[in-house]
Amino acid sequence: MLPLKLFDTYERRVREFIPLVEGEVGLYACGPTVYNYAHIGNLRTYLFEDCLRRVLEFNGFKVNHVVNITDVGHLTSDADTGEDKMELSARETGRDAWQLADFYSEAFKADLIHLNTLAPKIWCRATDHIVEQIEFVVDLETKGYTYRTSDGIYFNSRKLNNYGYLARLDVDGLQAGARVQLGERQFVTDFALWKFSNAKEQRQMEWDSPWGVGFPGWHIECSAMSAKYLGDFFDIHCGGEDHIPIHHTNEIAQTEASRGTRLANFWMHGYFLQVKNAKMAKSTGDFLRLETLIEAGYSAMDYRYFCLTAHYRSQMSFSWESLTANQTALARLYLHAYEWGAPGDVSSDYLDRFIAFINEDLNMPRALALVWDMVRDDELDPGTKKATLLKFDEIFGLQIAAWQPGISEVPQAVLDLADARTQARADKDWQRADELRDQIADLGYAVEDTREGPKITPRAT
RNA sequence: GGCUGGGUGGCAGAGUGGUCAUGCAGCGGUCUGCAACACCGUUUACGCCGGUUCGAUUCCGACCCCAGCCUCCA
């Protein structure tokens with residue numbers, strides 16, 4: 001088996017992945033802040049992480065996969081001047097912050113299930129780990145990396161000589177060009193470890209601490225929880241590209257100060273999905289959810305396939321046109337696989353080429369191109385193609401084995417008309433057959449005569 | 001303005017110092033009662049200007065444009 005190579009943002013290069021403990025991988029993925037639904041851009045990152053997980057397991061590693069849920073402390077501004085997102089959302093919707101967190105956590109998990117991602121071994125919520133976070137801050141305080149202002153305990157980024165290395169930050173340049181309010185912070189890159197509750201208003205989420213009642217800063221949860229579940233130095237930490245300059249930079253700073261490690265051996269980042277040349281942002285309000293796609297007639301697998309066509313380290317453009325293109329491609333692939341019948345033996349030649357692609361920093365577009373080469377390969381018999389594709393699908397996760405041509409969820413009235421049309425066609429009464437097709441169309445369905453019989457699909461509106 | 005990354009054919013999107021990415025769409029066929037589906041064949045490309053080289057889309061430099069972060073963020 002070819003060695004697995006992955007791109008490490010910390011070193012800015014592709015290098016061989018060798019686990020710290022033989023045969024095992026500690027994988028920590030930054031999860032959602034549960035104040036709203038996840039949009040399809042968010043989900044692209046989790047699909048990348050799912051591919052990573054699957055490739056690691058394909059290589060024979062046991063993956064200890066941890067995903068956190070941020071349900072407190074993430075401010076509306078990363079400059080620590082904004083409001084807690086959970087509290088804000090709770091106030092706006094008139095709901096309890098705790099209920100809100102549960103609701104959106106479950107919605108998020110449901111999306112991941114629809115997308116056929118492998119469940120993490122551990123889900124961890126920030127609010128369930130307040131003690132660990134306080135202990136982490138106490139440790140930082142003991143080691144002299146903190147200072148106190150009127151609204152919280154802050155991390156002194158100036159105490160580290162390589163602060164910002166992950167993002168290649170020009171710290172001096174940041175100071176010169178800073179447009180953010182410094183407040184009582186001593187330096188722009190300093191950040192909150194613990195925030196005090198405002199005496200004037202009652203927070204729904206707050207805890208006692210050595211520094212008074214308040215709540216943890218956003219970054220400390222990941223350092224504290226990853227240390228608890230994976231240790232002070234583990235294999236891979238991932239998240240979205242936007243986390244490179246602030247969130248992950250600060251996680252590294254905290255852990256470096258407290259534990260003396262850079263937290264993870266590999267730092268990996270999924271890149272943004274763009275819509276009309278701009279990233280999809282939760283704050284704009286009009287973002288696309290997985291459910292939006294499903295309502296428009298696409299399946300979760302269509303979106304999964306769509307994401308597989310681009311490398312995880314490339315920003316990708318979303319459009320309905322390209323989603324439709326990939327829906328068509330996947331439908332054809334399903335049909336091919338179905339017609340190939342029972343699986344035979346896996347082609348070792350194709351499998352070797354496949355592994356070469358996925359082990360070269362998860363090159364899914366290449367792996368997918370290989371699938372189409374195989375589809376059109378006259379040298380291979382159907383059983384071999386089927387077995388090989390099913391093997392590949394352990395990585396793709398497109399649920400190819402389960403697919404079959406279905407007419408499920410089509411109203412009985414439409415099915416009756418389709419039956420009548422089939423009879424008319426058998427009688428060679430073409431006029432009657434076309435009339436029935438028009439009637440089916442009026443009910444919102446299209447009928448096509450495939451080799452497996454009539455195929456009925458909802459018409460695009 | 002500072003920092004990070006990118007500009008590939010109608011769309012999406014790989015890759016490489018000199019022979020094909022791939023998918024969708026288009027075009028021409030086979031099939032079909034007509035269509036659609038499926039299949040076969042096929043057209044269009046590497047932002048701009050210099051440099052290195054026998055040869056650059058691929059390496060180097062300048063320029064233009066785009067995205068991300070610095071302000072909410074996967």
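Just so we're clear, the structure is a prediction, and the values are computed from it rather than from any experiment. All chains are named by letter (A, B, ...) in the order of the sequence lines, taking the proteins before the strands, and each is independently numbered beginning at 1.
A 3.5 Å limit on both hydrogen-bonding distances identifies B/G51 as the Watson-Crick or G-U partner of B/C59. Under the Watson-Crick or G-U wobble criterion, with both distances below 3.5 Å, B/G23 is paired with B/C11.
Across the interface with RNA chain B, nearest-nucleotide mapping of A/Ala433 and A/Ala310 shows A/Ala310 to be the residue nearer the 5′ end. The nearest heavy atom of RNA chain B to A/Ala167 and to A/Leu273 marks one nucleotide each, and the one closer to the 5' end goes with A/Ala167.
Atom CH2 of A/Trp218 and atom P of B/A74 are 7 Å apart (whole Å). B/G13 atom P lies 17 Å from atom OH of A/Tyr312, rounded to whole Å. Atom pair A/His248:NE2 and B/C3:P shows a separation of 24 Å (rounding to whole Å applied). Between A/Phe272 atom CZ and B/A12 atom P there is a gap of 19 Å when expressed in whole angstrom units. The interatomic distance linking A/Gln327 (CD) with B/C11 (P) rounds to 21 Å, in whole Å. Distance, A/Tyr350 OH to B/U22 P: 12 Å, rounded to whole Å. As rounded to whole Å, 14 Å separates atom P of B/G15 from atom CG of A/Leu368. The interatomic distance linking A/Leu335 (CG) with B/A36 (C1') rounds to 13 Å, in whole Å.
Donor-acceptor pairing under 3.5 Å, judged by distance alone, is absent between the side chain of A/Ser322 and the base of B/A12.
Residue contacts shown for A/Gly239 are limited to sugar-phosphate atoms, with no base heavy atom under 4.0 Å away. Within the nucleic acid shown, A/Tyr271 comes within 4.0 Å of at least one base atom, counting heavy atoms only. Counting non-hydrogen atoms under 4.0 angstrom, A/Trp430 reaches a base of the nucleic acid. Residue contacts for A/Leu43: at a heavy-atom cut-off of 4.0 Å it reaches no nucleic acid atom on any strand shown. Within 4.0 Å of A/Arg44, counting heavy atoms only, lies no atom of the nucleic acid at all. Within 4.0 Å (heavy atoms only), A/Arg353 reaches no atom of the nucleic acid at all.
Comparing B/A12, B/A74, B/A21 by their nearest atom to the side chain of A/Pro365 picks out B/A21. The side chain of A/His243 lies closest to B/A74, out of B/U22, B/A74, B/A12. With B/G13, B/G5, B/C39 as the choices, the nucleotide that has an atom nearest any side-chain atom of A/His336 turns out to be B/C39. Nearest to the side-chain atoms of A/Asp434 among the listed nucleotides B/G15, B/G33, B/A67 stands B/G33. The listed nucleotides are B/A74, B/G13, B/C39; the one nearest the side chain of A/Ser317 is B/G13. Side chain of A/Asp170, nearest nucleotide from B/C39, B/C3, B/A12: B/C3. Taking only side-chain atoms of A/Asn326, from C-beta outward, the nucleotide of B/G23, B/A21, B/G13 with the closest atom is B/G23.
Separation of the C1' atoms belonging to B/U44 and B/U52 is 31 Å when rounded to the nearest angstrom. For the P atoms, the distance linking B/G47 with B/C27 amounts to 28 Å, nearest Å. Annotation: B/A56 and B/U43 have their P atoms spaced 24 Å apart (nearest Å). A gap of 12 Å separates the C1' atoms of B/G9 and B/G26, to the nearest Å.
A sub-4.0 Å separation between OP1 or OP2 of B/C34 and a side-chain N or O of A/Arg425 is absent. In terms of phosphate contacts, A/Asn363 brings a side-chain nitrogen or oxygen within less than 4.0 Å of OP1 or OP2 of B/G15. Distances shorter than 4.0 Å separate none of the side-chain N or O atoms of A/Arg437 from OP1 or OP2 on B/C34. At the phosphate of B/U22, neither OP1 nor OP2 sits under 4.0 Å from any side-chain N or O atom of A/Arg332. Between A/Ser314 and B/A14, a side-chain N or O to OP1/OP2 separation shorter than 4.0 Å is present. Listed pair A/Arg12 / B/U4 fails the phosphate criterion, with no side-chain N or O lying under 4.0 Å from OP1 or OP2.
Under 3.5 Å, the side chains of A/Asp71 and A/Tyr104 contain no donor-acceptor pair of N or O atoms. A donor and an acceptor atom, one from each side chain of A/His243 and A/Glu251, are nowhere located under 3.5 Å apart. A donor-acceptor pair shorter than 3.5 Å cannot be found between the side chains of A/Gln254 and A/Asn250.
For A/Tyr46 and A/Phe108, the ring centers sit closer than 6.0 Å to each other.
Contact of the A/Leu333 side chain with the A/Leu389 side chain is registered, since non-hydrogen atoms from C-beta on lie closer than 4.5 Å. Residues A/Cys30 and A/Cys222 are in side-chain contact: their nearest non-hydrogen atoms beyond the backbone lie under 4.5 Å apart.
Classified by interplanar angle (parallel below 30°, tilted 30° to 60°, perpendicular above 60°), the ring pair A/Phe58/A/Phe354 is perpendicular.
The side-chain tip of A/Arg168 points at the ring of A/Tyr165 from less than 6.0 angstrom away and within 45° of straight on.
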